Trainee: 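Could you have a look at this structure, given as structure tokens, before my questions?
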Amino acid sequence: MPSSHGGSHWFEPSSAHHQSFDWGAAGAPATQMASQTSIRERVTAHVERALAALAKDGLVTGALPAVELVPPKSAAHGDYATPIALALAKSAKKKPRDIAEALKRALGDAGGLLEKIEVAGPGFLNLFVAKAAWLEALAHVLQAGETFVRSDHGKRERVLVEFVSANPTGPLHIAHGRGAVTGDVIAGLLDAAGYDVSREYYINDLGNQTDIMARSIHLRYAELFGRAFAPPEDFYPGDYIIDVARELKTEHGDRFLDQPEAAWLTLFRDRGIDAMLRRIRADLDAFGVRFDRWTSEKELVARVGLDGLVERLEAGGHVFTEDGKKWFRSTAFGDDKDRVVVREDSRPTYFATDIAYHDDKMRRGFKRLVNVWGADHGGYVARVRAGMQALGHDPAALKVVLVQMVSLSRGGESVRMGKRLGTAVWLDEVVREAGRDATRYFFVMRRSDAQLDFDIELATKKSLDNPVYYAQMGHARMCSIARRAAAQGIPAPTLAPGALDALALPEELQMVKTLVRAPEVVAAAADLCEPHLIVHYVQDLIGQFHSYYTLYKNSEKVISDDPQKTRARLLLCQALRLALAALLGILGVEAPEQMAAADADAADA
RNA sequence: GCGCGAUUAGCUCAGAUGGAUAGAGCGUCGGCCUCCGGAGCCGAAGGCCGCAGGUUCGAAUCCUGCAUCGCGCGCCA
């Protein structure tokens, strides 16, 4: 892996602001499409304009730094704050507070957008957005409906998300499940953020592992005929292997008993792969994960031909021969050591096909590649990037998300597991026990690169300690309010001018402020490839609603005698519901209109 | 040994790309129950952000070193 001391900047984005893809839109002017421009962008544009005015008057000189709006920790510091005056102080040789004061004057009320500007602390500019602007933003949410969380941030750039890609040698276990949701949600986020996304599963149907599986099946097959069973070191112990062996016995009898490997290996391998893929697809299907394309390694090799790939590497001078093997000089691109691409017996290595695969992805026209890998594959990132670079691709086009392990517990009691011990926890078991929604939600609750403790007891709890339940309950509660209103004969609220003006409680305004940020949050989570940001945002939003609901249940209810307030609050609930439904949709978690009663669950089962 | 990741409240974790007084959930303690779903809500206590330096107006965040834990370090995939 690249180290921090130089020479490696091709592989690991070297500076902090490159840690995520800067996938465009950052420099886009915030002027067009006023109706969809976020408040944040509008405020930024005004500050930039004010700054330019100061520069014109010679108050500040030199290159102007980018205007950054910081979300203040305290509401007393406004809706946005900018430390721009602090940053300018040195080059302008002026006191930060003086610059801030000048900016404040130049800003004015920003065309009615701002209701108050304060110079605070060492020279922060605290900006208070006018209530009318927030309500206007809320109106846009209601007009857009569920699509409001979407944006054109990604400019339809084509992105390929490759994930799961588990070997077809057994069912998916719990860690695969985490990778599956992570990839699926990242793809969903990219889609919502305006990228053109494709989901892909790479099938490693070539090579040793599948041969080992074939031999394992054959051993089991022989065992079914009463032969002594002595598993070798490389052996797949699972029962699913026996199932395949049984099928083969039924179909072919003892035809392959005591036969040399050549007589049965291909058949047993193909049948094994076929059976495992069927199972994997079924598991993923039950988990709500679908792919646009399944790429077979075998077919890839047949299609692109590895000879050509090696020749291209050779033509670039990236290959040398030693001990009869062909080596890719990946160290030239920052890798730890050079890697064999063609073995002595002229068989290509796994690595060779992997370069070919990534080359193929780029050649298919994708501008960005996201790979969701288990953390144990971390060591491969450098060499794959090296391969891409050697073939003339931008290595920075590849983003690898490393997903850490999942440890399972029940009410704090950890469940021991290990593949070796044969105590692997299969994904389908977990989904069956905890349910698809809870499992998905928990798997993306934490940052991908942090280990995850999955408490299956908590996940199945029908109570609000359970974060999934909390969120879904919120959605159900909003639906329930709408149903109640309809039952009382209150007409469906319409978005007439002034319809939202009755929203005046601080909690209501705060919810609006949080709500209208959703598209930004989605775009940020997409660029960073960090689904957990959505989960945290959902918890924040729904937490505010539960709190609001309870706080005012005896005083300022949504449905009241005041038709103005009732209409405005119903509209707010409607917008919140839309946001929640859209976000849960991206997470692949259901947004129920009412929480199922326990007996209804039993009836379904 | 080398590389990668982690280290923040009793526990599980956030911290928006260097900003003002470091946050949430659970747990603990103290309040609020006749419902638009109490399957809740409000409040409080609880922190040398692993340790030591450095960079600058300013660091949990960036750099260096150290410590502890996890994962890698195949001509396996």
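Just so you know, these numbers come straight off a predicted model, no measurement behind them. Convention: sequence-line order gives letters A, B, ...; per-chain numbering from 1.
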Trainee: Wobble G-U and Watson-Crick pairs count when both distances are under 3.5 Å; given that, what is the 5' to 3' dot-bracket string of RNA chain B, with | for pairing to other strands?
Mentor: (((((((..((((.....[...)))).(((((.......))))).....(((((..]....))))))))))))....

Trainee: Could you check which of B/rG74, B/rU17, B/rC71 has an atom nearest any side-chain atom of A/E68?
Mentor: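 Among the listed nucleotides, the one closest to the side chain of A/E68 is B/rU17.
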
Trainee: Can you tell me the distance, in whole Å, between the CD1 atom of A/I99 and the P atom of B/rC57?
Mentor: 14 Å

Trainee: Would you please classify the geometry between the A/W373 ring and the A/H358 ring as parallel, tilted or perpendicular, with 30° and 60° separating the classes?
Mentor: perpendicular

Trainee: Could you state the atom-to-atom distance from CD1 of A/I84 to C1' of B/rG18 in whole Å?
Mentor: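 For the pair A/I84 CD1 and B/rG18 C1', the rounded distance is 14 Å.
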
Trainee: On the nucleotide B/rC36, are OP1 or OP2 found under 4.0 Å from the side-chain N or O atoms that A/S480 carries?
Mentor: no

Trainee: Mind telling me if B/rU28 is syn or anti? Syn here is a glycosidic angle within 90° of 0.
Mentor: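 B/rU28: anti glycosidic orientation.
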
Trainee: Is any side-chain nitrogen or oxygen of A/K337 closer than 4.0 Å to OP1 or OP2 of B/rC73?
Mentor: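 Result: no.
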
Trainee: Evaluate the side-chain contact (heavy atoms from CB on, under 4.5 Å) criterion for residues A/Y236 and A/I217: first the C-alpha distance (whole Å), next the side-chain angles of each, then the deciding distance (0.1 Å), finally the verdict.
Mentor: CA-CA 8 Å; A/Y236 285 97; A/I217 297 170; over 6 Å; no

Trainee: Please identify which of these residues, A/F163, A/Y357, A/Y350, A/W294, meets the ring pair (Phe, Tyr, Trp, His ring centres under 6.0 Å) condition with A/Y202.
Mentor: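 With A/Y202 as partner, A/F163, A/Y357, A/Y350, A/W294 yield a single ring pair (Phe, Tyr, Trp, His ring centres under 6.0 Å), made by A/Y357.
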
Trainee: Under the side-chain hydrogen bond (donor to acceptor under 3.5 Å, both in side chains) rule, what do A/D527 and A/H153 come out as? Steps first, then yes or no, please.
Mentor: CA-CA 10 Å; A/D527 284 352; A/H153 173 79; 2.6 Å; yes

Trainee: Measuring from A/K461:NZ to A/Y469:OH, what's the distance to the nearest 0.5 Å?
Mentor: 12.5 Å

Trainee: Return whichever of A/M405 or A/E344 has its heavy-atom-nearest nucleotide of RNA chain B closer to the 5' end.
Mentor: A/M405

Trainee: Do A/R569 and A/I481 touch side chain to side chain, with heavy atoms closer than 4.5 Å?
Mentor: no

Trainee: In whole Å, what is the span from the CD atom of A/Q510 to the P atom of B/rA24?
Mentor: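 To the nearest whole Å, that distance equals 13 Å.
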
Trainee: Got a list of protein N/O to nucleotides 5-16 of chain B N/O distances below 3.5 Å?
Mentor:
residue	atom	partner	partner atom	Å
B/rG5	O2'	A/D449	O	3.2
B/rU12	O2'	A/R446	NH2	2.9
B/rC13	OP1	A/Q451	O	3.2
B/rC13	O2'	A/R446	NH1	2.9
B/rA14	OP1	A/R447	N	3.0
B/rG15	OP1	A/H532	NE2	3.1

Trainee: Report yes if the distance between the aromatic ring centroids of A/H77 and A/F124 is under 6.0 Å, otherwise no.
Mentor: no

Trainee: Hey, does the side chain of A/K557 come within less than 4.0 Å of B/rC36's phosphate (OP1/OP2), counting only N and O?
Mentor: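 So the side-chain polar atoms of A/K557 do come within 4.0 Å of the phosphate oxygens OP1 or OP2 of B/rC36, strictly under.
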
Trainee: Report each atom pair, protein N/O against N/O of nucleotides 40-44 of chain B, whose distance is under 3.5 angstrom.
Mentor:
residue	atom	partner	partner atom	Å
B/rG40	OP1	A/L464	N	3.2
B/rG40	O2'	A/T550	OG1	3.1
B/rC41	OP1	A/Y470	OH	3.2
B/rC41	O4'	A/T550	OG1	3.4
B/rC41	O3'	A/S547	OG	3.3
B/rC42	OP1	A/S547	OG	2.4

Trainee: Cationic tip of A/K553 within the cone over A/Y549's six-membered ring, i.e. under 6.0 Å and within 45° of the normal?
Mentor: no

Trainee: Nearest to the A/D376 side chain among B/rA20, B/rC73, B/rC71, which nucleotide is it?
Mentor: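 Side chain of A/D376 sits closest to B/rC71.
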
Trainee: From CD of A/E118 over to C1' of B/rA20, roughly how many Å is that when rounded to an integer?
Mentor: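 These atoms are roughly 13 Å apart.
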
Trainee: Rounding to a whole Å, what distance do you find between A/I559:CD1 and B/rG37:C1'?
Mentor: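 Nearest whole value for this atom pair: 13 Å.
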
Trainee: Minimum heavy-atom separation for A/P592 to A/M595, with atom names?
Mentor: CG-SD, 3.8 Å

